[in-house]
Amino acid sequence: MKKTMIAAVAVLGLAGAGIGAATLLPQNSDERVQQNPAILQTASFAVENMTCATCPITVRRAMEGVAGVHDVTINYEAKTAIARFDPAQTTTTAIAAASTDAGYPATLAASAL
């Protein structure tokens, strides 16, 4: 009985230490964005090769797959993509490269929309 009680106290102590350590770790990007959405930047990209209704899905997924990209809006008719991203985590070059690597070359059209 005594060993069981000691083991339970040890497990609870370790769990408490884990919670304490978690509060010391730096915030992840999502928490930073939730606390201060103004840190996000917006960039517009011209996207080539979008020829069908499923192309924008591929472009959006490729761009949103880049760490730090918060969301992407595609305009199929205008052949553009607008990405909101955390500049502390990624760059417009990386976002454009993700689309290009997926087969849809993207170039920066304008920033800070």
Side-chain angles (χ1 to χ4, degrees):
M1 180 74 165
K2 215 176 204 180
K3 289 182 183 179
T4 304
M5 184 82 107
I6 291 171
V9 169
V11 168
L12 290 174
L14 289 174
I19 292 169
T23 60
L24 297 176
L25 296 175
Q27 297 177 1
N28 67 29
S29 178
D30 289 340
E31 289 174 355
R32 286 181 348 115
V33 169
Q34 288 174 356
Q35 291 176 1
N36 185 7
I39 65 171
L40 293 180
Q41 288 185 0
T42 302
S44 180
F45 299 87
V47 183
E48 298 176 29
N49 297 345
M50 288 198 294
T51 58
C52 69
T54 60
C55 293
I57 296 168
T58 304
V59 173
R60 182 180 50 79
R61 286 182 180 165
M63 289 182 166
E64 286 180 344
V66 177
V69 174
H70 190 266
D71 60 76
V72 177
T73 303
I74 306 292
N75 183 325
Y76 173 70
E77 290 79 24
K79 309 289 190 234
T80 60
I82 298 174
R84 290 190 322 137
F85 63 97
D86 182 346
Q89 287 200 297
T90 193
T91 64
T92 55
T93 303
I95 298 167
S99 181
T100 300
D101 291 345
Y104 301 90
T107 55
L108 186 61
S111 357
L113 297 176

Ignoring hydrogens and angles, write down the donor-acceptor pairs under 3.5 Å from the side chains of residues 93-100, residues two or more places apart or on other chains.
unit_1: S99; atom_1: OG; unit_2: Y104; atom_2: O; d: 2.6
unit_1: T100; atom_1: OG1; unit_2: A96; atom_2: O; d: 3.0
unit_1: T100; atom_1: OG1; unit_2: A106; atom_2: N; d: 3.2

Exercise. Side-chain heavy atoms under 4.5 angstrom apart, residues restricted to Ile, Leu, Val, Met, Phe, Trp, Tyr: same cluster for I57 and V66?
Worked result: no
On a heavy-atom basis, which atom in [X] and which in [Y] lie closest, and how many Å separate them?
X: T90; Y: G68; value: CG2-C, 4.2 Å
X: A78; Y: N75; value: N-OD1, 2.9 Å
X: A43; Y: L108; value: CB-CD1, 3.8 Å
X: N49; Y: G103; value: ND2-O, 3.2 Å

Taking atom [atom1] of [X] and atom [atom2] of [Y], what is their separation to the nearest 0.5 Å?
X: M63; Y: T92; atom1: CE; atom2: OG1; answer: 10.0 Å
X: I82; Y: T73; atom1: CD1; atom2: OG1; answer: 6.5 Å
X: T54; Y: Y76; atom1: OG1; atom2: OH; answer: 9.0 Å

Exercise. What pairs meet the salt bridge (charged side-chain N to carboxylate O under 4.0 Å, His left out) rule with one or both residues in residues 49-60, with sequence neighbours excluded?
Worked result: R60-E64
Seminar exercise, completed: Applied to residues 100-109, the salt bridge (charged side-chain N to carboxylate O under 4.0 Å, His left out) test, sequence neighbours excluded, yields none
Seminar exercise, completed: side-chain hydrogen bond (donor to acceptor under 3.5 Å, both in side chains) filter on D71, not counting sequence neighbours, yields R84
For this session: Look only at the side chain of D86 and the backbone of H70, and say whether a donor-acceptor pair between them is shorter than 3.5 Å.
Result: no
For this session: Go through the structure and list residues passing side chain to side chain contact (heavy atoms under 4.5 Å, CB included) with A46, not counting sequence neighbours.
Result: T107
Problem set entry | Derivation of the side-chain contact (heavy atoms from CB on, under 4.5 Å) call for M50 and V47 | CA-CA 7 Å; M50 288 198 294; V47 183; 4.0 Å; yes
Problem set entry | Residues that E48 engages under salt bridge (charged side-chain N to carboxylate O under 4.0 Å, His left out), provided they are two or more places apart | none
